[in-house]
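One structure is given below, encoded as structure tokens.
Lettering follows sequence order; numbering is per chain, from 1. As the structure is a computational prediction, the values presented were derived from the model and not from experiment.
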Protein chains: 2
Amino acid sequence: MNLSFADFKLHHQLSESKVWDWFYQLHHAKLEVKNPAIAKQKLKRIMQATFKLSHDKGFALMTLRDLARQSDLSLGGIYSYIGSKEQLALMIHQFLPFVFSKTLTRHPEQPLSQSNLAKENCVAERARAALITFICEHLYLSEWLTPWFFFAFMEAKYSSPKIRKVALENESTTQQVLFERVANVSIASHHELSQQSALLVAMNIKSLLQSWYLKRPIYHKQKVTVDDYANHLAQLINRGIIDGNGQSK
Amino acid sequence: MNLSFADFKLHHQLSESKVWDWFYQLHHAKLEVKNPAIAKQKLKRIMQATFKLSHDKGFALMTLRDLARQSDLSLGGIYSYIGSKEQLALMIHQFLPFVFSKTLTRHPEQPLSQSNLAKENCVAERARAALITFICEHLYLSEWLTPWFFFAFMEAKYSSPKIRKVALENESTTQQVLFERVANVSIASHHELSQQSALLVAMNIKSLLQSWYLKRPIYHKQKVTVDDYANHLAQLINRGIIDGNGQSK
DNA sequence: ATAAAACGAACGAACGTTCGATATTGTGTT
DNA sequence: AACACAATATCGAACGTTCGTTCGTTTTAT
């Protein structure tokens, strides 16, 4: 029904090096170092060091001396890649919308008017599928780019206004798509949630998506894979979450 | 069925000043200032300033000069209350388990053995009620102490080991109680989730609890009260979340 | 007038960033 | 192939600033 993480990676040809190719593609104009091969390699070292250190002590408490040690570069060397500490954070935050635009499925999906609810089951199933597809894609992207998602979530709030703007725009776009698709499901299945309830459900789903990349180590210790989690969420959708209000069993 | 936030406050006699009475009670031994009335008033100013500043820029980026300005105290004056910046954070983190121990309902709740499943509905209902009670109490406490919960969540990970220990112990206690009560529901209602699934559900519930105090302003803008949210979660429980695995509607 | 509380200038440590010196790489000429 | 010379990339000592914290002094309350 919904595709697996392996399928997703295959479909988008997501290799390990593709991350750094894309990252270089997005930021190469800002770099002082012009050789692409060298730049990709050093950017990888710097970003991975940033993820480790900011995961351990937080970006604010991460020192550029820490970063130099962890990435095996010198203090000055790092500055040929990042410009400043703040821009380092900005580069990371900007990467996520860039990847979204390259991977997320556009759903031109004609809006559900009252007229074409004829074949109900079909329409309802398609609305459900559109929601679940979006959930799976987000989940799989966050699996592929866990450190990036983690960083974006943890550091967005406490960054400069410029960075916060990037992060909040990205977040609210996601929230909005989620809301629309939840609303479509509730309309198509004639359960007609109030706008408030649909929003509540959409926010809940986002929390559960975040839970995956925030607590991935815990899930893995319990032998829960990302495919397991995707199925788990799909079942929540297919069962009670978007039903009419309140009649308990 | 489940009590309201107003009932909860009434039952525990939670007034605005009670927060500071309890906070002083927990920490008075460490203070250099001995006059209780003065200390409570100044502690309130310092903590509220800490919440505002760490909410805006994060605790790591909050300066003690910021704190002095925001709380209308001098740099030196603050140190008669907090000892050090790290101890200020520790004092906040320690407060939550202290409040839990004073307010959370102990459920001595005989463990559900196979033998007393006779009156099934009754047992199942009681297991469900125990879970929902715990959820509501957590929700209401987080409503009463939103800044404290917010601070504990955002700053726990990036604190000293001593602080992290307090925060993680508190979190995993909550997680464990949640897990037990979810498992009890699934046993009592003969749906017998796997241990893995019960844990997944318990973690999901915790995410949804956190969502309340992390995004409270958004919920409020949508006119969602804490009682609304409590009912919403209760309905999720009473409907699909803890049902057998997988048969979609 | 004595104790309690608040104050803020001053200190050393550590931070982000710069920049001139050094090392490495790539290219054109023997 | 060997060399030389730019061009490119890396380095880390040094700078100015800001941080958490201290402590001798002043203010307030009894």
Salt-bridge contact B:E169-B:R164 (side-chain N to carboxylate O under 4.0 Å): no

Sugar-phosphate, base or nothing in reach of B:S80, heavy atoms under 4.0 Å: nothing

Side-chain N or O of A:Y81 closer than 4.0 Å to phosphate OP1/OP2 of D:dT10: yes

Whole-Å distance separating the CG atom of B:L53 from the P atom of D:dG20: 11 Å

Length of the line joining A:L61:CG and C:dA13:C1', which is rounded to integer Å: 15 Å

Whole-Å distance separating the CZ atom of B:R69 from the P atom of D:dG20: 12 Å

First encountered from the 5' end of DNA chain C, between B:P36 and B:L75: B:P36

Earlier contact from the 5' end, DNA chain D, for B:Y79 and B:N35: B:Y79

Between P of D:dT21 and NZ of B:K85, the distance in whole Å: 8 Å

Interatomic distance, A:K42 NZ vs D:dT8 P [rounded to whole Å]: 16 Å

A:H27 side chain to A:M91 backbone, donor-acceptor under 3.5 Å: yes

B:R69 and B:D66 ion-paired at < 4.0 Å: yes

A:F59 CZ - C:dG16 C1' separation (whole Å): 11 Å

Rounded distance (Å) that lies between atom C1' of C:dG16 and atom CZ of A:R65: 7 Å

Contact under 4.0 Å: A:S74 side-chain N or O vs D:dT10 OP1/OP2: no

Carboxylate-amine/guanidinium contact A:E143 A:R216, below 4.0 Å: yes

A:K34 atom NZ: more than 12 heavy-atom contacts under 6.0 Å: yes

Distance below 4.0 Å between A:K34 side-chain N/O and D:dT8 OP1 or OP2: no

Touch class at under 4.0 angstrom, heavy-atom based, for B:L73 against every strand present: sugar-phosphate

Interatomic distance, B:L67 CG vs D:dT21 P [rounded to whole Å]: 12 Å

